Amino acid sequence: MKPFSRKVEKILAWIANVIMILVTGLLSLGAFSSQLTTAFKQKEFEPILYNLLQDPGVESLLKSSGLDIVSLLVLLVKIYTVVAIVALLLALIASFTMKARIVSGILFLLSAIVIGVMTVGILLPVYLLYFIVAIMLFAKRPPKNTDNSDFTQTTSEK
C-alpha cells in the first residue's frame, strides 16, 4: 500500500509562502526605512492627503492624537506591516506543523482570513491557496490501518 503523503498541501502552502515572503519583505523594506515620510510628502500624494483631511473622522483622530496626516499614514503602514509579518509567521508555523493537521489547518485558515481582510483582495492567490490548503487538511484524513496481519484465522480440518 502506498504511504500517505501531503505533498499537494505542502506544495500549495510553500507557493503561497514564497509569494507572501516576497510581498512582506518589500513592504517591510518600505515601511521601516527612513524614506517613508519623505515619500508621503511628495507632490503626487498632496491630493490624497487633502482628501483624507476632508474626512471628519480623520480630522478628529488627528486632533485627538496630536499627529499630522503624514505621521498617521507612516504609523498605519508600520502597523499594516507588523500584521503582515504576524500572518506570515502563522503560515510558516502551519507549514512546518503539517503532521498535526487540525492545528495546521486552523493556522492556515487564520492566516487566510487575516491576509484576505488586510489586503482586500490584492493578494488573492496567497489567501486563496492558504484557504485551499486548510480545507484539504480538514477534509483529507490519513487512512486507517487496515492491516490484518495481527489477526490470524485458524481453521480446523476434520
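On a predicted model such as this, the values are computed, not experimentally measured, just so you know.
- Between Phe40 and Val70, the shortest heavy-atom contact is CB-CG1, 3.8 Å.
- Aromatic pair Tyr130/Trp14: centroids not less than 6.0 angstrom apart.
- Atom CZ of Arg6 and atom CG of Leu12 lie 12.5 Å apart (nearest 0.5 Å).
- In terms of heavy-atom proximity, Thr97 sits nearest to Ser104 at O-CB, 3.4 Å.
- The hydrophobic clustering, which links ILVMFWY residues whose side-chain heavy atoms are closer than 4.5 Å, places Ile19 and Phe108 together.
- Hydrophobic cluster membership of Val103, counting Ile, Leu, Val, Met, Phe, Trp and Tyr whose side-chain heavy atoms lie under 4.5 Å apart directly or via other members: Leu90, Ile93, Leu107, Leu110.
- Side chain of Thr24 to main chain of Ile21: no donor-acceptor pair is present (N/O by atom type, distance under 3.5 Å, no hydrogens or angles).
- Under a hydrophobic-cluster definition in which Ile, Leu, Val, Met, Phe, Trp and Tyr are linked whenever side-chain heavy atoms come within less than 4.5 Å, directly or via other members, Tyr127 and Ile135 are assigned to different clusters.
- The two residues Met20 and Leu123 come nearest to each other via the heavy atoms SD-CD1, 4.0 Å.
- Between Leu137 and Gly105, the closest heavy-atom pair is CD1-N, 3.7 Å.
- Looking at every heavy atom in both residues, Glu9 comes nearest to Val133 through O-CG2, 3.7 Å.
- Atom CG of Leu72 and atom CG of Leu52 lie 8.5 Å apart (nearest 0.5 Å).
- Residues Ile15 and Leu92 fall within the same hydrophobic cluster, defined by Ile, Leu, Val, Met, Phe, Trp and Tyr side chains chained together at heavy-atom separations under 4.5 Å.
- Rounded to the nearest 0.5 angstrom, Lys41 NZ and Leu36 CG are separated by 11.0 Å.
- With values rounded to the nearest 0.5 angstrom, Lys10 atom NZ is found 13.0 Å from Asn17 atom CG.
- Other residues, nucleotides and ligands contribute only 12 or fewer heavy atoms inside 6.0 Å of the CZ atom of Phe131.
- With hydrogens and angles ignored, the 3.5 Å screen pairs a side-chain donor or acceptor of Thr81 with a backbone N or O of Val77.
- Following chains of ILVMFWY side-chain contacts shorter than 4.5 Å, one cannot reach Val23 starting from Phe32, and the two form parts of different hydrophobic clusters.
- Here the CD1-CG distance, from Ile115 to Leu124, works out to 11.5 Å after rounding to the nearest 0.5 Å.
- Residues passing the side-chain contact (heavy atoms from CB on, under 4.5 Å) test with Glu44 are Gln42, sequence neighbours excluded.
- When side chains are defined from C-beta on, Glu59 does not count as touching Leu53, because their heavy atoms never get closer than 4.5 Å.
- In this structure, Phe96 is not a member of the same hydrophobic cluster as Val18, with clusters built from ILVMFWY side-chain heavy atoms closer than 4.5 Å.
- A donor-acceptor distance shorter than 3.5 angstrom exists from the side chain of Tyr80 to the backbone of Met118, with no hydrogens or angles considered.
- Going from atom CG of Leu49 over to atom CG of Asp68 covers 9.5 Å, rounded to the nearest 0.5 Å.
- The closest donor-acceptor contact from the side chain of Ser111 to the backbone of Ala87 lies under 3.5 Å.
- Taking both residues in full, the closest heavy atoms of Ser95 and Ala13 are given as OG-CB, 3.9 Å, listed atom of the first, atom of the second, then distance.
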